[in-house]
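Beneath this line is the structure, given in structure tokens, with notes to follow.
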Amino acid sequence: MQEYQPRFRFARRVLFPYTGEEPLTRAQEVRVIVSWATIFPVALLVGTLPIVALFSSNASLQKIALILLLVFVGGVVIFGLMAWFVVFMINRSARLFQLQRQRAQKSAGTSDFSGGRYGS
């Protein structure tokens, strides 16, 4: 008996678990954008904490909070926009793929006639 192996690695399953063969639904789009807009800024914030702690010996708590807030909000905006662009391009390519598949099926369906163009 074979053991179940996930189709995608953990990071791929969390950040973008879709194949790209079909356009994403609105719920899937929102899920991707929200996950990108939270996971990456949190990683940036955690990476910024040691730097802020190192260089903020004489800074007030308000300045430190403002810097961390700017890092987080900036990350949310940047990665949210990037996720929106990725979703937009994936949906566009999936729609083009579906259109090409439909055209191929139509042309394959008309090529079954014998005689070709002139009926001979």
Side-chain angles (χ1 to χ4, degrees):
M1 184 176 255
Q2 284 188 359
E3 188 177 312
Y4 172 74
Q5 292 189 0
R7 185 170 175 176
F8 303 116
R9 293 190 312 219
F10 178 73
R12 172 86 192 260
R13 286 190 313 231
V14 169
L15 297 176
F16 201 83
Y18 311 107
T19 61
E21 294 176 1
E22 296 178 2
L24 302 176
T25 64
R26 291 284 179 205
Q28 291 170 330
E29 290 175 4
V30 169
R31 178 176 175 234
V32 168
I33 292 170
V34 168
S35 66
W36 280 41
T38 55
I39 291 172
F40 290 120
V42 167
L44 280 175
L45 188 66
V46 169
T48 305
L49 284 174
I51 296 169
V52 169
L54 185 65
F55 293 111
S56 66
S57 60
N58 58 358
S60 67
L61 188 60
Q62 290 174 340
K63 276 188 177 181
I64 294 171
L66 180 65
I67 290 170
L68 294 176
L69 182 68
L70 287 174
V71 167
F72 184 75
V73 171
V76 167
V77 169
I78 290 169
F79 287 105
L81 288 173
M82 261 193 337
W84 172 82
F85 181 72
V86 166
V87 165
F88 175 76
M89 294 307 289
I90 290 291
N91 281 347
R92 183 176 175 197
S93 66
R95 286 185 188 104
L96 289 173
F97 179 72
Q98 284 180 339
L99 184 63
Q100 287 176 345
R101 192 179 332 158
Q102 288 173 353
R103 286 181 181 169
Q105 286 175 352
K106 284 182 183 178
S107 66
T110 58
S111 65
D112 290 339
F113 296 114
S114 61
R117 183 174 179 180
Y118 300 106
S120 52

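Basis for what follows: all heavy atoms, side chains included, without hydrogens, waters or symmetry-related copies.
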Point-to-point distance, once rounded to the nearest 0.5 Å, from OG of Ser107 to CD of Gln102: 12.0 Å
Value for CG (Leu45) from OG1 (Thr48), rounded to nearest 0.5 Å, stands at 6.0 Å
Quick one: which of Ile90, Leu24, Val34 gives a side-chain contact (heavy atoms from CB on, under 4.5 Å) with Glu29? Leu24
At what distance, to the nearest 0.5 angstrom, does CG of Leu66 lie from CG of Leu61? 11.5 Å
Can you name the closest pair of heavy atoms from Ala94 and Pro23 and give their distance? CB-N, 3.6 Å
If every non-hydrogen atom of Leu44 is compared with every non-hydrogen atom of Gly75, which pair is closest and at what distance? CD1-CA, 4.2 Å
Indicate, with yes or no, if Ile39 and Phe85 share a hydrophobic cluster defined by side-chain heavy-atom contacts under 4.5 Å among Ile, Leu, Val, Met, Phe, Trp and Tyr. yes
Shortest non-hydrogen contact between Trp36 and Pro41, atoms and distance: O-CD, 3.4 Å
How about Glu22: does its CD atom have over 12 heavy atoms from other parts shown lying under 6.0 Å from it? no
Where do Ala37 and Gly80 come nearest, in terms of heavy atoms and distance? CB-CA, 4.1 Å
List the steps and the verdict of side-chain contact (heavy atoms from CB on, under 4.5 Å) for Val42 and Phe72. CA-CA 7 Å; Val42 167; Phe72 184 75; 4.0 Å; yes
To the nearest 0.5 Å, atom CG of Asn91 lies from atom OG1 of Thr25 at 9.0 Å
Might you confirm whether atom CZ of Arg92 has over 12 heavy atoms from other residues, nucleotides or ligands at distances under 6.0 Å? no
Is it true that Met82 and Val86 fall in one hydrophobic cluster, defined by side-chain heavy atoms closer than 4.5 Å? yes
Going from CD1 on Ile64 to CG on Leu49, what distance comes out if it is rounded to the nearest 0.5 angstrom? 10.0 Å
Would a hydrophobic clustering, with Ile, Leu, Val, Met, Phe, Trp and Tyr connected at side-chain separations under 4.5 Å, put Val32 with Phe88? yes
Shared hydrophobic cluster for Met89 and Phe79 (ILVMFWY, side-chain gaps under 4.5 Å): yes
